[in-house]
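Below you'll find the structure, written out as structure tokens, and then a few comments.
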Amino acid sequence: MNTRTRFAPSPTGYIHVGNVRTALYTYLVARKHQGNFILRIEDTDQARFVDGAEELILKTLNWLGLDWDEGPNLDSTEEVGNFGPYHQTDRREIYLKWAKKMIDEGLAYADPYTPEQVQAFRDQAKAEKRAFLYRDHRPENPPEWQLGMPLRFKVPEIKRYSWQDAVMGELSAGPEALDDFILIKADGLPTYNFAHIIDDFEMKITHVIRGSEYIASTPKYLSLYEALKIEPPILAHVPHIMAPTGNKKLGKRDGAKSVTEYQKEGILPEAMLNFLAQLGWNDGTEQEIFSKAELIEKFSLDRVQKSGARFDEQRLIWLNGQWIRSLDLDDLYNRCEAFWGEESNNAKESYKKQVLALAQDRLKTLQDLPKLTNYFFTEPEIDEELINDNKQLRKLAEEERQNLLRVARQELAKITDWTPESIQNCLNGLLETTCQKPGILFSLVRIVTTWAQFSPQLNDTLALIGQEKTLQRIDNYLQK
Ligand code: GLU
């Protein structure tokens with residue numbers, strides 16, 4: 001059977017890492033089996049609808065390279081695929097057709113109760129110390145259902161369900177997990193509970209991969225599948241993403257940013273995919289860096305862990321640094337376009353590329369670029385703190401520092417071919433003549449020529465800054 005998976009987000013706001021991890025796993029299963037990856041927009045909750053949220057979903061998937069075979073289109077209003085429409089609000093007729101069939105078969109009833117009446121049932125159940133269940137209050141003579149009334153599923157058989165989850169293994173729940181639930185709301189739109197089952201069936205979905213918050217409702221869904229004589233798809237519930245510390249789910253406050261925010265901060269899509277894939281999955285080896293192609297090859301649901309996966313942003317940043325290092329210079333350069341500081345606006349492309357080549361190893365996110373490279377484009381301001389913060393340099397008297405710099409300036413000025421090699425030779429010579437350690441001499445020269453916390457190798461840095469500016473910066477400090 002052709003594998004068909006779907007990512008079915010609701011356009012209710014920002015798209016966080018948990019959503020995207022689900023999308024990734026769903027995508028990987030489809031691609032691994034040369035199947036189809038379908039994007040379906042579950043927009044039936046009008047109250048939670050957020051304008052622009054769908055576009056954000058499409059753009060995020062696009063940025064990550066999670067290309068979908070069927071669903072809405074990023075550049076036009078036309079959808080692609082033979083199983084559409086792919087917006088649930090455009091599928092009303094389909095749900096109504098199924099709803100009517102269920103009414104005819106005695107599987108659904110018009111819910112006649114007002115909210116007050118339901119509250120009274122709840123209070124009564126509470127007073128009698130038993131769980132409130134709709135199925136205990138099925139009306140004897142329900143009114144004939146018409147649009148505008150809620151339509152409720154009548155669970156045909158109250159029993160225990162056991163089922164196999166592709167991630168969680170054998171699961172089961174007793175009859176207490178079963179209750180009559182709403183199929184069509186008073187606004188004429190279906191509930192998620194109803195719509196997704198119909199859609200997955202009509203779209204020939206083979207694997208339903210989603211967050212584990214849906215496990216508790218699964219017995220209800222199984223009951224509905226059974227009532228409709230539909231063979232359930234493979235069910236896979238992926239583990240929660242846990243906050244960096246403690247025993248709670250990752251929330252906005254723990255840095256659960258929207259994926260677009262990471263994009264703006266200069267995280268590469270490759271690093272994001274790599275990171276998300278490993279939030280709850282490993283291939284059983286020590287390998288840490290996975291390309292999308294490798295993930296497609298190696299991913300399998302049976303190696304997704306059952307327990308919550310710890311969110312560790314530092315790991316994302318580390319992976320990002322690894323991915324930045326692996327890019328060839330031109331590729332990296334193209335991706336940096338939006339991240340350069342203003343100072344570099346007038347610099348030539350060839351010079352910027354040289355700067356980037358030096359910074360590449362130190363970049364953790366593209367956003368770090370201005371901080372790491374400003375002094376190549378503009379005159380840095382003297383910041384004595386940097387000297388005072390340096391354990392070795394702060395031990396030297398100002399006088400000693402000045403003397404060292406004077407000697408260094410003198411020797412650097414003698415260089416006739418300003419290349420990294422001759423600069424290195426000169427610096428090595430200075431170590432001998434001054435009897436200083438690199439930790440002192442090189443740090444001092446580095447600081448007064450860059451006034452930055454970090455910089456690439458000193459000889460490379462000075463080579464790119466240029467001889468004139470290097471000497472000028474040393475003078476600036478000596479004369480201050
Ligand atoms: N619209 C649901 C959500 O965003 C989809 C769940 C599912 O994949 O079935 O949580």
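Only heavy atoms go into these numbers, but all of them, side chains included; no hydrogens, no water, no symmetry mates. Ligands are counted one by one from 1 in listed order, and the atoms in each one are counted from 1 as well. Quantities reported herein were computed from a predicted structural model and do not represent experimental measurements.
When only interatomic distances are considered, the shortest N/O to N/O separation between H196 and ligand 1 does not fall below 3.5 Å.
In terms of protein heavy-atom proximity, atom 1 (N) of ligand 1 is nearest to E42 OE1, 2.6 Å. Nearest protein heavy-atom neighbour of atom 5 (C) of ligand 1: A8 O, 3.1 Å. What sits closest to atom 8 (O) of ligand 1 on the protein, heavy atoms only, is R6 NH1, 2.7 Å. Counting only heavy atoms of the protein, atom 3 (C) of ligand 1 lies nearest to Y214 OH, 3.4 Å.
The side-chain tip of R4 points at the ring of F83 from less than 6.0 angstrom away and within 45° of straight on.
Contact between E213 and ligand 1 is absent, with no heavy atom of the residue lying under 4.0 Å from the ligand.
The side-chain contact (heavy atoms from CB on, under 4.5 Å) test with Y262 is passed by exactly one of T60, V20, L316: L316.
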**Report entry** Y375 vs W451, ring pair (Phe, Tyr, Trp, His ring centres under 6.0 Å): CA-CA, chis, key distance, verdict
**Finding:** CA-CA 8 Å; Y375 56 87; W451 297 107; over 10 Å; no

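Under 4.0 angstrom from ligand 1, the non-hydrogen atoms of Y192 all belong to its side chain.
Surrounding CD of E128 are more than 12 heavy atoms belonging to other residues, nucleotides or ligands, all under 6.0 Å away.
With salt bridges taken as basic N to acidic carboxylate O contacts below 4.0 Å, one links E349 and K353.
Proximity to R210 (heavy-atom distance under 4.0 Å) selects the following atoms of ligand 1: 7 (C), 8 (O), 9 (O).
The distance between the ring centers of Y134 and F132 falls below 6.0 angstrom.
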